[in-house]
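For clarity, every value in this text was computed on a predicted model and none was experimentally measured. Here is how names work: the chains are called A, B, and so on, in the same order as the sequence lines, proteins then strands, and each is numbered from 1.
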Amino acid sequence: MSNAPVQKKSAKPENKYRGTLNLPKTSFPMKANLVQNEPNSVKRWKKMKLYERLRELGKDRPRFTFHDGPPYANGSIHLGHVLNKTLKDLVVRSRTMMGFDTPFVPGWDCHGLPIEHRVVSDLVESGKIEKIKSLDDDARKSAIRSECKRYAQKQVKLQAGELERLMTLADYDAPYLTMAPPFEGAVLDALATLVEQGLVFRALKPVHWSIANETALAEAELEYQDREDLSVYVDFEAVDAAAVYAAFGIDEAARTDRDLGQTPSFMIWTTTPWTLPANLAIAVNTRFEYSLVQVDGNVTVLASELLEKVTKAAKAEQVEVLATAKGSALAGLHYRHPFVEAAPKPLGEPDADTSTCYTVVEAEYVTLEDGTGLVHTAPGHGADDFQTGDRVGLPVYCPVRHDGTYDETVPEWLRGLDIWDANEQITDRLRSSGHLFYSHRFMHSYPHDWRSKTPVIFRCTEQWFIGVDVPLERAGKSLRDLALDAVATGVGFVPEWGRNRMRGMVETRPDWCISRQRSWGLPIPAFFLPDGQTLMTAAVVRAVGTLIREQGSDAWFKGTPEELLVHYDMDDDPDIEDGLRTSLRGSGFAVLTKGPDILDVWFESGSTWNGCMRERIGDDGVPVELYLEGSDQHRGWFQSSLLISLGVTGKPPFRAVLTHGFMVGKDGKKLSKSAGHTVGDLFKLYGADVIRWWVCSLSYENDMKVDDEFFKLAGESYRKVRNTLRFMLSNLADFTPGTPGCDDGHCVSTADMPATSIDSWALAAYDALEKDVIGAYERYDFRAAHSLLYDFCNDTLSSVYLAAVKDRLYCDKIDAPRRRRTQTVLWDITDGLSRLLAPILPHTADETWRALHRVDPKDIERSVHTETFLSAGRDRAFDATADERWAKIMQLRDAGLLALEKGKSELGVENPLDAGLTLPNPDGLLDGFDVLDLADLHGVSRVELDATAAAPVLIDLRNEPRCDRSWKRDGTVKARADGGMLSDRDADAVGQTA
RNA sequence: GGGCCUAUAGCUCAGUUGGCUAGAGCGCGCCCCUGAUAAGGGCGAGGUCACAGGUUCAAGUCCUGUUAGGCCCA
């Protein structure tokens, strides 16, 4: 505190007129008590069947098709869900109130590894797994599946409850679940069409392989974590020393001259020594320059540019460059594997051609970023390597078994060894045999299984793929081409840069591996003949799909091939090969075995446009107007949905794609999982409306910072809005709309409202607000809507209009026309505002609207949420016309307030009601305006106009009499018969005419 | 390592196709009101536009690089 003497305010003047005022009165509480009251709103909406009611109302309205991307059914919702689902709800509710029928079916992704992993862990913990382990394959899978199903159902219920608490409006009575039989049938229908289009094939490919879960993983199932690995530089000795020297321009004579007796080596670098047994080639870039160097007595080859870096790191003492050559000169040279005698043949392929092995080959992807410029190539363990091997004709050699141990094709000392243990052993072996130039431990970012958190390896296995570069039967174009076309022109992106991002991803994405080796999922309905031939035509997939639609995918694990193929007619299948048909005709389906693979869950979620929208909403449910998810879904759901839809229908499943960023901590860094409150805590601490108000204020296109403090701030700003609404309600206690002259739904008769009145100004400001807010909702610019609404409440209403009309509301006679006119406007604005706020603050808006309309608390039928925005279906909410000079007058007001402030300090006038203002009136700017309005607008006692003044000037009225009732010094104040000092207006109001 | 994105006041963000003294809200400071009162109002102070170069008559805005951060991939 300052040390100025504290002056006691003189006691308030006696308030004998207080009882004659129309002071605000309301039961609408200042304290929202959201935590207690929101659940009651939720209950009421449930009871009134709000969702169904809206569908009924929407029957004749245009439809806005919107679609929920299914969250994974696991665990309580977190902030990411809150963000995503609130944004979706803003779309649903705002479009509904614009007058669209906006059905919204919530969905859950139910199959997949995370649930299976969790369930199996629980089974292990409880000991039940032992019993299950002893069962045969199908029975074991069925047992695990039934546990998974139960678990998933529980999770769906949990999350749905939390989302209802968040007050999101959706068909929670009938969500779509990817594990529901009809949905499964729809997924297989989509798969069948892709098979028909020739896009589905089985191939050996290196895939990300989780050793812990013994399954191939999708890109989306990987997460990158730091890991310490061994980085090794290994010398691979050349077979023909002379050829290498020759490649570097050193002929035999020169070699003898320079006493170069040693056989040179090729130095490669790898961070996965365990893949060295599978090395079949060394790749160089033809454009780079390579050096033949003598390093501490050894002669070796590496890229010139990396020479210094590598030798320095290894602390080599003597480094001498003997010669240099282009990479192209090295191609074709042969080398000896440091510990494998003869090029190995893959297991079960005794006839494999190994003649091209152990050769230096060319590859574009070789860079000078790391390593030596000579790249260790193991086609069985890397995507690039696989491609190179494919190109130069190397066998696909993968000596690592599904459990992460070596098979018997490797040297004896490695057989059966775990690959992670092999890293050390191989390095030691190389060191002792003199092949290791240098090794060190280092940290790098490495892909991990998102579930088990264990490192993932590349490993070749037989998998089902969707080819993205295979031309479709129907279109002649590949999925990649179709997708690139769609991204370029067929789809809208919010924000626009999503287009670039997605194009980049579509351009570079590999074929889609759609098979998984697990239990909890939708089976890929493939059958195998004893000789290994595969039966999976479109008709087979459809037939099994029909069965699964009836009985669910459990049927696959319980039925025999004959039972599963009851709907399949071989003679009616145009795609089955004749040989296969003949053979099956002889043997019957009994000889078939069921394929062991289930579908990638991304294929299921990528089919929701079909399984949910087309099946539930109808044929006009697709294409969906908007998909709305986090920006990680450019690679995930957006892309899987796009590819499947293009493959099946030839069209994208969505017209536009909206992405939001991610929650980060206060410091802008990734949110740590343990930090901060749970969503449940947030509901208890702040209430859903405050959380939604906060979400609405975010610029969702980038990262968004979260912190407890931000929720507190949102709470404060929510309270400001609430208070504004409350104040308006409190001034409507004695007002009933629907008096004569009122028209449909609201009660203002604009004809009686002069364009120069402040009421017209306010109503016109509301009109403008509604237009802007709806525009913002249409653009999904919720942040703009939020700030428009906030500013309107604070600025237009609280600071300007409500401040100005207080005097007439309190002091005018209760039914004075001027007062009633203002109340009419207040009523209309409150009505309109509660509608505009309804998408953001479902509880508070409904509370306000019901209070305004005096809905009986027991009446559950009426709600703002079955209303529309006032302007829905027409031009404007009200046909208010404000005089166009108002904009200038508001500028003048700012100058007036400044003059008041100046007067305060210069003249010591503290209370604005002790002052009047002389306002400049050039060119009749203020002609036709009510000086009483103008005075109230500045909060002063009176206003005088001066055509010649340049700026507002304060008039000191401290010596003029003050009205005991209105506290104004308006020039009409005088002593009245009752002994009070009253202005004419106040005297009239209290019946003192004398 | 690559692709996409972000960096403006203490905080959260605006800032159109380059063009006035870079704006708003919150917070902060001072003041008013006490008839919206665990409310309301007025005024004010805050910025080397991440950093370093470049293009231009002119750069927060365009280009290059650096740093920090996010998503996706390798």
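A/M30 comes within contact range of the sugar-phosphate backbone alone, with a heavy-atom separation under 4.0 Å but no base atom that close. Heavy atoms of A/N723 sit under 4.0 angstrom from at least one base atom. Nucleic acid contact for A/K666: none, since no nucleic acid atom lies under 4.0 Å from a heavy atom of the residue. Among the atoms of the strands shown, only primed sugar atoms or phosphate atoms (P, OP1, OP2) are found under 4.0 Å from some heavy atom of A/N794. Within 4.0 Å of A/S730, counting heavy atoms only, lies no atom of the nucleic acid at all. Looking at heavy-atom distances under 4.0 Å, A/R965 makes contact with a base.
Not a single donor-acceptor contact under 3.5 angstrom links the side-chain atoms of A/R635 to the base of B/C72. With hydrogens and angles ignored, no donor-acceptor pair under 3.5 angstrom links the side chain of A/R501 to the base of B/C5.
Qualifying side chain to side chain contact (heavy atoms under 4.5 Å, CB included) partners for A/S798, counting only residues two or more places apart in sequence or in other chains: A/T724. Scored by the side chain to side chain contact (heavy atoms under 4.5 Å, CB included) test, A/P495 finds A/W497, A/T659, A/E701 as partners (sequence neighbours excluded).
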For nucleotides 67-69 of chain B, print each protein N/O atom paired with a nucleotide N/O atom at under 3.5 Å, atom names and distance only.
{"from": "B/G69", "atom 1": "O2'", "to": "A/G668", "atom 2": "O", "distance (Å)": "2.5"}

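Listed by residue number, A/L897, A/L898, A/E901 are the residues of residues 893-903 of chain A with a heavy-atom contact under 4.0 Å to RNA chain B.
Considering only side-chain N and O atoms, A/H208 lies under 4.0 angstrom from the phosphate OP1 or OP2 of B/A74. Regarding contacts with the backbone of B/C4, every side-chain N or O of A/S631 stays at 4.0 angstrom or more from both OP1 and OP2.
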Which pairs would a plain distance check flag for residues 20-32 of chain A, meaning a side-chain donor or acceptor within less than 3.5 Å of a matching protein atom at least two apart in sequence or in another chain?
{"from": "A/T20", "atom 1": "OG1", "to": "A/Y17", "atom 2": "O", "distance (Å)": "2.6"}
{"from": "A/T20", "atom 1": "OG1", "to": "A/R965", "atom 2": "NE", "distance (Å)": "2.7"}
{"from": "A/N22", "atom 1": "ND2", "to": "A/L809", "atom 2": "O", "distance (Å)": "3.4"}
{"from": "A/N22", "atom 1": "ND2", "to": "A/Y810", "atom 2": "O", "distance (Å)": "3.4"}
{"from": "A/N22", "atom 1": "ND2", "to": "A/D812", "atom 2": "O", "distance (Å)": "2.9"}
{"from": "A/T26", "atom 1": "OG1", "to": "A/F28", "atom 2": "N", "distance (Å)": "2.9"}

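Put simply, A/W967 rests on the base of B/G35: the two rings are less than 5.5 Å apart at their centres and nearly parallel, under 30°.
Taking atom P on both B/U61 and B/C20, the two are 14 Å apart, rounded to the nearest angstrom.
A/S966 and A/D986 are linked by a side-chain donor-acceptor pair at a separation below 3.5 angstrom, with hydrogens and angles left out of the test.
When each of B/A36, B/U6, B/C73 is scored by its nearest atom to the side-chain atoms of A/T724, the top-ranked nucleotide is B/A36. Candidate nucleotides B/G27, B/A36, B/U37 were compared by shortest atom distance to the side chain of A/Y810, and B/A36 ranks first.
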Could you run down nucleotides 20-25 of chain B 5' to 3' and tag each one B, S or - for protein heavy-atom contact under 4.0 Å? -----S

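With the nearest nucleotide of RNA chain B identified for both A/R719 and A/N911, A/N911 has the one nearer the 5' end.
Ring orientation note: the planes of A/F662 and A/H660 are tilted relative to one another, at an angle of 30° to 60°.
Ion pairing between a basic and an acidic side chain is recognised when a charged N comes within 4.0 Å of a carboxylate O; A/D469 and A/R509 show no such pairing.
Of the listed residues (A/R969, A/R962, A/R958), just one forms a side-chain hydrogen bond (donor to acceptor under 3.5 Å, both in side chains) with A/D914, and that residue is A/R969.
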